[in-house]
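This report concerns only the one structure given below.
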Amino acid sequence: MKVAVYVGPHQPFSIEERPTPVPREDELLIKVGRCGICGTDLSTYTGAAGMEMGLVYGHEFAGEVVGVGSAVSEIAVGQRVTAQCVTACGHCEACRRGHLVFCPDWRPHASGGFGQFMTLPAREAYVLPPALTLEDGALVEPLAVGRHGVRLSGLRAPSRVLIVGAGAIGLSVAFWARRQGAQRIAVLATSERRKSLAYEMGASDFLLASADVLPSIEACLGGAPDLVFECAGFPGAMMQAMEHVAAKGTIVGLGYGLHAEEITTATPLFKEIRVQFSMTYDREDYEEVIATLAAGHLEPRCLVTDTIALEGLTEAIESLLEGGPQCKVMVDPWASGPGSSP
Ligand SMILES: [Zn+2]
Ligand SMILES: [Zn+2]
């Protein structure tokens with residue numbers, strides 16, 4: 001099978017032939033149809049995440065089951081599935097809740113979605129209903145991240161919501177906040193390139209970041225935000241969220257930052273702010289995302305701006321790092337050549 005191997009920081013992915021994996025008795029063999037490029041893939045590529053070299057990454061995948069191990073009875077060849085970003089032991093408390101990154105034994109998939117095939121324990125697969133495409137299936141993971149954050153936020157119908165960051169996660173939060181009944185949802189971003197996507201995903205206002213943006217936020221929302229979703233992860237983002245949020249408000253941290261963050265504790269103290277971080281998703285989130293898409297709420301399809309071949313992976317990641325125009329870039333490991341198509 002053809003795969004794209006991570007060989008080191010800022011090194012072009014190595015496009016190689018590797019043996020197609022053989023499913024163990026409790027596993028499925030998946031023919032990968034689509035795999036989205038995630039922000040964490042950018043940190044893998046730059047080396048910032050310190051990921052192991054020589055592996056095939058890609059965790060936002062969906063594909064068709066083309067083989068099953070001898071002990072698998074619940075899923076059959078021909079069904080289409082997606083799964084969470086890691087694999088886990090299958091019998092601890094976290095695994096029972098389906099929150100796999102909290103399993104003490106979690107690990108990346110042996111070979112990820114930036115390859116033509118992968119294996120997966122059958123118990124970790126989520127079957128896609130016939131109405132959904134493999135591209136929809138590959139969107140389940142980032143949509144579940146947003147759904148988990150909104151769920152943990154305690155958002156109630158008339159909330160005023162500020163979302164910092166207009167990447168796939170920020171836009172996913174806008175989608176779920178809208179579905180949850182938020183009154184006003186403002187998205188704050190550093191450029192206007194995702195403005196129309198933000199409105200499509202449910203935002204009521206879009207603002208460009210600036211030093212004195214708070215009065216505009218309050219004007220849009222009709223007051224300071226009760227809820228701030230920090231989905232950008234840049235240095236200073238958490239302190240800024242603390243300045244923007246209303247007294248007794250809540251900040252939900254979804255941004256992935258690898259820097260130290262400086263907080264003046266008087267700011268959150270005087271406002272009695274609650275800070276809630278949100279890490280991936282659990283089974284309930286996955287099931288809710290799939291059911292919502294299957295019910296015809298397909299606005300998130302607008303997030304996909306490009307579909308590329310494995311040979312285009314390096315170039316796409318470089319472009320995303322430079323702040324290129326794409327939002328969610330999908331890899332089709334069966335497409336040939338580096339070209340991209342809409
Ligand atoms: Zn992801
Ligand atoms: Zn476990």
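Atoms within each ligand, like the ligands themselves, are counted from 1 in listed order. Quick note: numbers below take in every heavy atom, side chains included, and nothing from hydrogens, waters or symmetry partners.
Here the Zn ion (ligand 2) is the vertex; the SG atom in Cys95 and the SG atom in Cys92 give an angle of 110° (to 10°). Rounded to 10°, the angle formed at the Zn ion (ligand 1) by His59 NE2 and Glu141 OE1 is 110°. Centred on the Zn ion (ligand 1), the SG atom of Cys38 and the OE2 atom of Glu60 lie at an angle of 90°, reported to 10°.
Environment of CD in Glu17: crowded, with over 12 heavy atoms of neighbouring residues, nucleotides or ligands closer than 6.0 Å.
The Zn ion (ligand 2) lies under 2.8 Å from an N, O or S atom belonging to Cys103.
In the hydrophobic clustering of this structure, Val213 does not group with Phe229; members are Ile, Leu, Val, Met, Phe, Trp, Tyr whose side-chain heavy atoms approach within less than 4.5 Å, directly or through other members.
The side-chain heavy atoms of Lys2 and Ile15, taken from C-beta on, include a pair separated by under 4.5 Å.
Ring-plane geometry between Phe206 and Tyr199 is classed as tilted, the angle between the planes lying from 30 to 60 degrees on a 0 to 90 degree scale.
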